[in-house]
Amino acid sequence: MNLEHQFRAGDPAAPVLLLLHGTGGGPDDLLGLAEHLDPAAAVLAPRGPVSEHGMARWFRRLAEGVFDHEDVRRRAHDLAEFILAAQQEYGLTGRRLVAVGFSNGANIAAATALLRPEVLSEAALFAGMCPLPADPGTDLGGSRVFLANGTADQMAPLDSVDRLDALLRARGAAVTPFRHPGGHQLTLEAARAAAEWLST
């Protein structure tokens, strides 16, 4: 497998949480959130392969909020292949897999869910936005996505969040939006709502 990562097996009856950190983060960043979402879950936590001024990211950007869309697509397919390899390596094939991403991690999770729904069909996205400029045309009929965003988030503006929501729904995904009055952050309220969503 081509990504540095951490793995915890968890309860075989519980889901596998794919933890995708934000810019400058690492595999440890979302362990607390995973514990809140489902303490019995397996955890697969890779590190973003792109370095921006020494900060780990999942794909390149041309400027703040301006994504390199070609790189987004390539890295999304790379992440899908990492997931498939990890499922084989750790005996996870057949277990429920849910991506949990914050910020840049939410964006790569959204891109992977849009482009490779046969690999990733469930995602809880915190402070993410629309990662692709056009509809990829995939069938998301079996997909479920939780979207948590702050109404005061300047880094992930709500018009982009609304585009992602609309795109997911147009392709057949079941979307559960959650809005909070904060900014670009994880909130306890959003984590609680995500835990409830995960349990259904």
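Two residues are said to be in side-chain contact when any heavy atoms from C-beta on lie closer than 4.5 Å; L186 and F102 meet this criterion. Looking at heavy atoms from C-beta onward, L97 lies in side-chain contact with Q87 at the 4.5 angstrom threshold. Using a 4.5 Å heavy-atom threshold, the side chains of V98 and W197 count as touching. Residues L44 and L17 form no side-chain contact, since every pair of their non-hydrogen atoms from C-beta on lies 4.5 Å or further apart. F146 places none of its side-chain heavy atoms less than 4.5 Å from the side chain of L125. Two residues are said to be in side-chain contact when any heavy atoms from C-beta on lie closer than 4.5 Å; L19 and D29 fail this criterion. Residues P46 and W58 have side chains in contact (heavy-atom distance under 4.5 Å, counting atoms from C-beta outward). Considering only heavy atoms from C-beta on, H36 comes within 4.5 Å of R192 through its side chain.
The distance from the CG atom of N104 to the CE atom of M129 is 10.5 Å, given to the nearest 0.5 Å. Considering CG of L79 and OG1 of T112, their distance stands at 4.0 Å, rounded to 0.5 Å. Taken from CE in M55 to CZ in R57, the straight-line distance is 8.0 Å, to the nearest 0.5 Å. L33 CG to F126 CZ: the interatomic distance, rounded to the nearest 0.5 Å, is 5.0 Å. Note that CZ of R96 and CG of D38 are 8.5 Å apart. Values are rounded to the nearest 0.5 Å.
Side chains of T176 and R144: a donor-acceptor N/O pair is absent below 3.5 angstrom, by distance only.
Each of R179, H180, H184 was compared with D153 under the side chain to side chain contact (heavy atoms under 4.5 Å, CB included) criterion, and only H184 meets it.
Between the side chain of S160 and the backbone N or O of P157 there is no donor-acceptor pair closer than 3.5 Å. Between the Q185 side chain and the G183 main chain, a donor and an acceptor come within less than 3.5 Å of each other. H21 places no side-chain N or O within 3.5 Å of a backbone atom of D28 that could act as its donor or acceptor partner. Judged purely by atom type and a 3.5 angstrom limit, H5 uses its side chain to pair as donor or acceptor with the backbone of L3. A donor-acceptor contact shorter than 3.5 Å is absent between the side chain of R61 and the backbone of D68. For T138 (side chain) and L115 (main-chain N/O), no donor-acceptor pair under 3.5 Å exists by modelled atom type.
Here E70 does not pair with R60 in a salt bridge; the nearest charged N to carboxylate O distance is not below 4.0 Å. A salt bridge links R171 with D135; the closest basic N to acidic carboxylate O contact falls under 4.0 Å.
Remark: F67 engages F59 in a ring-ring contact (aromatic ring centres under 6.0 Å, His included) (not counting sequence neighbours).
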side-chain contact (heavy atoms from CB on, under 4.5 Å) between V100 and L20, worked out
CA-CA 6 Å; V100 178; L20 303 169; over 6 Å; no
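Remark: E196 CD is loosely packed, at most 12 non-hydrogen atoms of other residues, nucleotides or ligands lying under 6.0 Å away.
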